[in-house]
Amino acid sequence: MSEKLQVPRGTYDVLPQDADTRVALEATARRILEGAGYRRIETPTFERTEVFARGVGASTDIVQKEMYTFDDGGGRSVTLRPEGTAPICRAYAEHGMHKLPQPVKLWYLSSFFRSEKPQQGRYRQFWQIGAEALGSDDPAVDAELIVLLATLLSELEVGRVRLRVGSLGTLDARHAYRERLQAHLRDNADRLSEDVRSRIELNPLRAFDSDHAGTRAVMAEAPLLLDQLDRADAEHFAAVRELLLRAGVEHEVDPTLVRGLDYYTRTVFEFESGKLSAQNAVGGGGRYDGLVEMLGGPATPGCGWAAGIERILLASDGLPVAPAPVDLYVAFGGAQQRRAAFALADEARRARMNAQIELAGRSLKGQLKHADRIGARYVAIVDDETTVLKDMQTGEQFEVDAAGVVARILRERGMR
RNA sequence: GUGGGCGUAGCUCAGCUGGUAGAGCUCCUGGUUGUGGUCCAGGCGGUCGCGGGUUCAAGUCCCGUCGCUCACCCCA
């Protein structure tokens with residue numbers, strides 16, 4: 001025998017018992033988001049590498065070391081999508097969606113790809129539910145999106161959820177702040193951890209997340225972006241918070257909340273679950289007012305979030321899901337009854353019943369056993385002359401006309 | 001990329017100080033010249049991740065390698 005093949009590192013099969021749960025999760029997301037006017041969008045699984053290099057930001061870990069990039073055979077560099085927002089902004093610009101009524105509200109459930117070392121809640125191919133609203137900078141857009149995600153997580157019974165919000169200001173303000181922060185870090189470079197020091201030029205905001213003692217001391221004196229927002233940004237942030245409070249969405253302001261993608265402006269937020277271990281972010285997002293323009297479209301404000309399916313599943317208490325009930329199982333004794341049995345199963349299905357037929361050549365005992373295991377409500381045992389219909393709950397059985405089996409079941413159910 | 005733990009039947013695992021593989025569950029058959037859920041019996045199923053080494057002998061020791069997993073990092 002040749003070598004047994006396995007899924008590639010960091011990927012997994014969704015087996016039937018897991019698929020049911022995911023379908024339920026998708027149905028819930030769909031109900032909540034479409035109810036609020038968000039419409040489904042699907043973009044290609046891979047894009048021109050440029051979309052992410054420009055959109056996500058060249059200095060990010062995602063672009064620097066986590067993308068699956070390859071030549072498409074025609075000398076073009078393409079990349080398996082590592083996230084969903086940049087492709088949607090590309091689509092917005094490409095299809096002239098700025099001519100539609102604004103904001104354009106979209107949602108997706110797709111898989112994404114990052115070449116990271118896998119661990120709990122982190123895969124190389126992973127699934128996200130996301131929502132984006134493009135074309136309005138109204139703080140109600142930010143608040144609505146956050147409330148929708150909070151609702152979704154709540155309905156999916158994700159346990160011990162905590163929401164942190166912050167604001168990064170405009171790209172200009174963020175840029176100016178970045179330089180001020182870099183200056184502060186350089187002035188105190190000798191007290192910083194090595195990796196923070198080496199990232200001063202690349203990504204100074206990361207320094208806030210360090211747990212290195214010296215670094216923390218330096219960061220305690222560091223200027224905070226939140227304190228230096230310009231008037232419009234500060235008002236925007238205050239309005240978002242006000243709306244969240246009105247909606248009863250508890251949150252805490254985190255002035256050091258940093259998202260690892262370069263396109264964020266103004267509002268950023270993150271939901272984490274205490275039920276998760278290292279990878280505790282279950283969903284997050286923010287505003288990205290310059291992104292569409294960066295990808296060649298008109299200047300367009302936007303805001304959105306993404307939530308990880310695997311992490312929701314890990315942190316969820318609920319999501320009870322059963323496979324489809326079986327109304328009728330058609331059993332038969334020998335090959336000579338197969339045609340009649342097949343016809344009966346077909347007839348039952350046409351009558352909208354969930355019907356299954358014996359397909360493995362089991363003994364009659366084995367067939368009944370199997371019917372019991374899959375939870376069949378009725379079993380029809382097809383014989384040459386007669387057909388016996390058995391009620392698997394009561395154990396009762398009656399001889400019926402083969403032609404009358406379906407009608408009989410429908411009548412029995414009606415009586416209940 | 002850096003560390004720790006682990007890799008024995010489809011699944012969960014047992015195999016002490018080395019002597020050439022077991023259990024439970026699942027699945028199938030029989031116990032009723034065709035009728036389930038309990039019970040009983042039997043059967044299917046493993047090159048003990050892979051490669052090398054030590055040894056008369058390795059699942060068991062050593063080295064390497066691959067994979068899984070957890071953490072760092074990063075993120076959903």
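Convention: sequence-line order gives letters A, B, ...; per-chain numbering from 1.
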- Query: How is A/E270 classified with respect to the nucleic acid when contacts are heavy atoms under 4.0 Å: base, sugar-phosphate, or nothing?
  - Reply: nothing
- Write down the partner of B/U17 under the Watson-Crick or G-U wobble criteria, each distance required to be under 3.5 Å. none
- Message: For a quick check, tell me whether the side chain of A/R122 and the base of B/C74 share a donor-acceptor pair closer than 3.5 Å.
- Response: yes
- Phosphate contact (B/C70 OP1 or OP2) by A/S277 side-chain N/O below 4.0 Å: no
- Message: Whole angstroms only, please: what is the CG-P distance between A/D383 and B/G34?
- Response: 10 Å
- Phosphate OP1/OP2 of B/U29: any A/S363 side-chain N/O under 4.0 Å: yes
- Message: Side-chain N or O of A/Q6 versus OP1/OP2 of B/G67: is the shortest distance under 4.0 Å?
- Response: no
- Message: Rounded to whole Å, please give me the gap between CG in A/D13 and P in B/C68.
- Response: 13 Å
- Message: At 4.0 Å (heavy atoms only), tell me whether A/G334 reaches a base, stays on the sugar-phosphate, or touches nothing.
- Response: nothing
- Message: Need one value for A/L261: base, sugar-phosphate or nothing, where a base atom within 4.0 Å counts as base even if backbone is also close, heavy atoms only.
- Response: sugar-phosphate
- Should we say atom CD of A/E221 is surrounded by more than 12 heavy atoms from elsewhere, each under 6.0 Å from it? yes
- Heavy atom of residues 125-132 of chain A under 4.0 Å from RNA chain B: which residues? A/F126, A/Q128
- Task: State which of B/C70, B/G31, B/C74 makes the closest approach to the side chain of A/K365.
- Result: B/G31
- Message: By the 4.0 Å heavy-atom rule, please label A/G283 as base, sugar-phosphate, or nothing.
- Response: sugar-phosphate
- Paired to B/C61 by Watson-Crick or G-U wobble criteria (both distances under 3.5 Å) is B/G53
- B/C74 C1' sits how many Å from A/N280 CG, rounded? 12 Å
- Query: Between A/F113 (CZ) and B/A76 (C1'), how many Å, whole number?
  - Reply: 14 Å
- Query: Salt-bridged, A/E272 to A/R162, with N to O below 4.0 Å?
  - Reply: yes
- Query: Is the shortest distance from a Lys or Arg side-chain nitrogen in A/R22 or A/E26 to a carboxylate oxygen in the other one below 4.0 Å?
  - Reply: no
- Item | Watson-Crick or G-U wobble mate for B/G1, both contacts under 3.5 Å | B/C72
- Task: Quick one: label A/A371 by what it contacts on the DNA or RNA (base, sugar-phosphate, nothing), any heavy atom closer than 4.0 Å.
- Result: nothing
- Message: Tell me if the CZ atom of A/R197 is crowded by more than 12 foreign heavy atoms within 6.0 Å.
- Response: yes
- Task: Grab the NZ-P distance between A/K65 and B/U2 for me, whole Å please.
- Result: 12 Å
- Item | A/K117 side chain, from C-beta outward: closest of B/A76, B/C73, B/G3 | B/G3
- Note on the structure: Rounded to whole Å, the CZ-P distance (A/R311 to B/C70) equals 12 Å
- Query: Looking only at side-chain N and O atoms, does A/Q120 come under 4.0 Å of OP1 or OP2 in B/C70?
  - Reply: yes
- Contacts of A/F271 and A/Q367 projected onto RNA chain B by closest heavy atom; the upstream (5') one is A/Q367
- Item | Touch class at under 4.0 angstrom, heavy-atom based, for A/Y123 against every strand present | base
- Using a heavy-atom cut-off of under 4.0 Å over every strand shown, decide if A/R9 touches base, sugar-phosphate, or nothing. sugar-phosphate
- Query: What integer number of Å spans the C1' atoms of B/C13 and B/A76?
  - Reply: 34 Å
- Atom CG of A/L364 and atom P of B/G37: how far apart are they, to the nearest Å? 12 Å
- Message: Please tell me if A/R373 has a side-chain N or O lying less than 4.0 Å from either OP1 or OP2 of B/C27.
- Response: yes
- Message: When you measure from the side chain of A/Q367 to the backbone of A/R362, do you find a donor-acceptor pair of N or O atoms at a distance under 3.5 Å?
- Response: yes
- Query: Counting distance only, does the side-chain N/O of A/S316 pair as donor-acceptor with the main-chain N or O of A/L156 below 3.5 Å?
  - Reply: yes
- Has the side chain of A/S154 got a donor or acceptor atom that lies under 3.5 Å from a matching backbone atom of A/A150? no
- Query: Where the side chain of A/M392 is defined as all heavy atoms beyond and including C-beta, which of B/G36, B/C70, B/U2 is the nearest nucleotide?
  - Reply: B/G36
- Just name whichever nucleotide pairs with B/G7, Watson-Crick or G-U, keeping both distances under 3.5 Å, else none. B/C66
- Distance between the P atoms of B/G52 and B/U38, in whole angstroms? 47 Å
- Tell me the partner of B/C28, counting only Watson-Crick (N1-N3 plus N6-O4 or O6-N4) or G-U wobble (N1-O2 and O6-N3) with both under 3.5 Å; none if nothing fits. B/G42
- Please state how far atom CD in A/E83 lies from atom C1' in B/C74, giving the value in whole angstrom units. 15 Å
- Fit a plane to each ring of A/F113 and A/Y68, take the angle between them on a 0 to 90° scale, and name the class: parallel (under 30°), tilted (30 to 60°) or perpendicular (over 60°). perpendicular
- Query: Do A/R362 side-chain and B/C27 base share a donor-acceptor contact under 3.5 Å?
  - Reply: no
- With distance as the sole test, does A/Q120 use its side chain to make a donor-acceptor pair with the main-chain N or O of A/R122 at under 3.5 Å? no
